[in-house]
Each structure stands twice: as C-alpha cells, then as structure tokens.
Amino acid sequence: MSPSTPAPPWTLAAEGVSVTVRATPRGGRDAIDGIVALGDGRRALKARVSVAAEDGKANAALARLLAKAAGIAPSRVELLSGATGRTKSFRLTGDPQDIAARLAALAGDTPQP
C-alpha cells in the first residue's frame with residue numbers, strides 16, 4: 001500500500017479481522033456496496049440489510065452478511081461496538097489474509113499493481 005492509498009476499513013490480527021461497517025437498515029436488500037469515508041476520516045464498509053433496526057435484527061443480518069462475504073460461519077462474527085448506531089465494529093474470526101482478500105475483492109478495494 002502506498003502512502004497515498006487510504007487504509008482499508010479493516011485491520012488484521014492473529015485470530016482474524018476487525019472491520020468497521022456503516023450500516024443501512026431497511027436498505028431493500030442485503031449487500032455490501034463498497035467503501036465509504038466517515039466524517040472522522042476513517043473508512044468503513046458500506047452495507048445494507050433489508051430488515052429494520054429493531055431488537056437486534058439488523059445487527060444479526062449484518063453479521064450473516066459479513067460471514068457470507070468472508071467465507072466463514074456466522075458464529076465466527078462478533079459485534080464489538082456500535083450495537084445501536086449506524087457505524088459498527090465487527091470481529092471476523094478466521095484466516096486474516098483470506099478474510100481481508102475476500103472483503104477487498106467484494107468492496108472493490110483491490111490494490112492496483
């Protein structure tokens with residue numbers, strides 16, 4: 001990654017990846033729509049789910065969406081912060097390189113040679 005390339009919205013750790021997500025509940029469909037810049041300069045995966053944000057349903061749908069995108073079981077996705085906000089942080093447990101590569105390809109954030 002060159003100095004002018006913004007950091008991805010995820011960080012790698014030994015046990016997996018932590019990812020920042022900007023959620024849109026009642027978004028019409030379940031999808032990851034790329035990467036968005038947040039007001040504080042950080043970046044986040046832009047994700048939408050079709051369910052409403054009530055009783056944790058949207059958070060559960062986001063966890064399932066991230067699990068599918070990362071190629072891991074839904075039980076390996078944990079909400080770290082942001083349970084009631086639109087900006088959330090999730091931990092995805094598994095091979096960090098594989099998860100990051102899948103997220104980058106899905107988000108259209110593959111590095112240019």
Task: Which residues share a side-chain hydrogen bond (donor to acceptor under 3.5 Å, both in side chains) with D40, sequence neighbours left out - done: R42
- [ ] Taking salt bridge (Lys or Arg N to Asp or Glu O under 4.0 Å) as the test, write out the residues that go with R22, two or more places apart.
- [x] none
Task: Min side-chain heavy-atom separation L80-F90 under 4.5 Å - done: no
Task: Shortest non-hydrogen contact between A67 and V77, atoms and distance - done: CB-CG2, 3.7 Å
Task: Closest non-hydrogen atom pair, A58 against A53 - done: CB-CA, 3.8 Å
- [ ] Using salt bridge (Lys or Arg N to Asp or Glu O under 4.0 Å) as the criterion, list what pairs up with D33, not counting sequence neighbours.
- [x] R29, R48
Open item on the list: With a 4.5 Å cut-off on side-chain heavy atoms, are L79 and K88 touching?
Closed with: yes
Open item on the list: Using modelled atom types and a 3.5 Å cut-off, is there a donor and acceptor pairing between side-chain atoms of D30 and backbone atoms of S50?
Closed with: yes
Task: Side chain proximity check, T24 to V49, heavy atoms < 4.5 angstrom - done: no
Open item on the list: Please determine whether the number of non-hydrogen atoms from other residues, nucleotides or ligands lying under 6.0 Å from atom CZ of R86 exceeds 12.
Closed with: yes
- [ ] For the residue pair W10 and L92, establish whether any side-chain heavy-atom pair is separated by less than 4.5 Å.
- [x] no
Task: Heavy-atom side-chain contact between T20 and L38 under 4.5 Å - done: yes
Task: Side-chain touch S89/V19, heavy atoms, less than 4.5 angstrom - done: no
Open item on the list: Do Q97 and L12 have side chains that approach each other closer than 4.5 Å (heavy atoms only, starting at C-beta)?
Closed with: yes
